[in-house]
Amino acid sequence: MTTQYWLVKSEPATYSWDDFVRDGRSDWTGVRNYAARLHLNAMRRGDEVMFYHSNDGKCIVGIARVTQPAFPDPTADEPGLPASGGAKGGQGWVAVELAPLAPLPRPVTLAQCKADAVLKNTELLRQSRLSVSPLKPTEFTRIKKLAKHSA
DNA sequence: GCCAACGTTGGC
DNA sequence: GCCAACGTTGGC
C-alpha cells in the first residue's frame with residue numbers, strides 16, 4: 001500500500017510539537033470543516049504527516065505518523081454517525097491518532113515554501129485556513145530536503 | 001437559492 | 001492590531 005502524505009496545523013500556543021513529543025501520541029480532534037474531514041477520512045495507518053506551527057512559528061517542524069485511521073471524534077456533539085452521511089451531516093466529525101516520527105533537522109518556514117517552485121502550489125498555501133491538507137509525494141520529499149539545508 | 005452580514009483563522 | 005480569505009448563518 002502506498003503511503004500518503006498530509007499536513008496538519010497546530011497553534012504552538014495551544015498544542016506544540018514539543019507537547020506532541022511529550023505525549024508520545026495525540027488524538028487529532030476538533031476538526032470542524034468538511035474539506036478537512038474528507039482528508040481525515042482518507043488517512044490510513046502509516047501515512048506520514050507534516051506538523052506545521054501556525055501563527056507563532058509559521059514553519060513545519062516535524063513529521064508524524066498516522067497510528068489510528070479516522071474514528072468518531074469524541075469531542076463532537078454527536079460522535080459516531082457515519083462521516084459520509086450526507087452533505088448536511090454537521091455531526092459525524094472524525095479524529096485520527098498521530099504519533100511523532102521525527103523532528104525536522106531544521107524547520108521549514110512558510111516563507112521558504114512560498115519561495116519554492118515545488119511547494120508554492122501546496123494546499124497549505126492555496127487554502128491557508130485549511131487545517132488538514134494533502135501533500136503530494138514530491139512536495140513531502142521537497143520539504144524533507146529543505147529541512148536538511150540552512151534556512 | 002441568493003447574498004449580505006458576521007465569525008474565525010492566520011499571515012503580516 | 002489589522003486585514004484578507006473563507007465558511008457559516010439568516011433574511012428575503
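Small disclaimer: the values here were computed from a predicted structure and weren't measured.
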Under 3.5 Å, side-chain donor or acceptor atoms of residues 132-139 of chain A against the rest of the protein: list the pairs with distances, not counting sequence neighbours.
residue	atom	partner	partner atom	Å
A/Glu139	OE1	A/Lys136	N	2.8

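- Distance A/Lys120 NZ to B/dG11 P: 20 Å, rounded to the nearest Å.
- Taking the centre of each ring, A/Trp93 and A/Tyr34 come in below the 6.0 Å mark.
- At B/dT9, none of the side-chain N or O atoms of A/Gln127 fall inside 4.0 Å of OP1 or OP2 (strictly under the cut-off).
- In this entry the distance linking CG of A/Asn33 with C1' of C/dA5 reads 13 Å, nearest Å.
- A/Leu110 comes within 4.0 angstrom of the backbone, heavy atoms only, and of no base.
- Taking CG from A/Leu101 and CD from A/Glu48, the interatomic distance works out to 5.5 Å, rounded to the nearest 0.5 Å.
- Protein atom OH of A/Tyr52 is 8 Å distant from nucleotide atom C1' of B/dG10, rounded to whole Å.
- Following rounding to the nearest Å, A/Leu125 (CG) and C/dA5 (C1') show an atom-to-atom distance of 14 Å.
- For B/dT8, the OP1/OP2 oxygens have no side-chain nitrogen or oxygen of A/Lys9 closer than 4.0 Å.
- Interatomic distance, NZ of A/Lys144 versus CD1 of A/Ile63, reported as 5.0 Å (0.5 Å rounding).
- In this structure, the CH2 atom of A/Trp93 is 11 Å from the C1' atom of C/dT8, given to the nearest Å.
- When the nucleotides C/dG7, C/dT8, B/dG10 are ranked by their closest atom to the side chain of A/Tyr34, C/dT8 comes out on top.
- Closest to the A/Ser54 side chain, of the nucleotides B/dC12, C/dG7, B/dG10, is B/dG10.
- Separating the CZ atom of A/Arg32 from the C1' atom of C/dT9 is a distance of 18 Å, rounded to the nearest angstrom.
- Going from atom CG of A/Asp56 over to atom C1' of B/dC12 covers 14 Å, rounded to whole Å.
- Across the protein-nucleic acid pair, A/Lys58 atom NZ and B/dG10 atom P stand 13 Å apart, rounded to whole Å.
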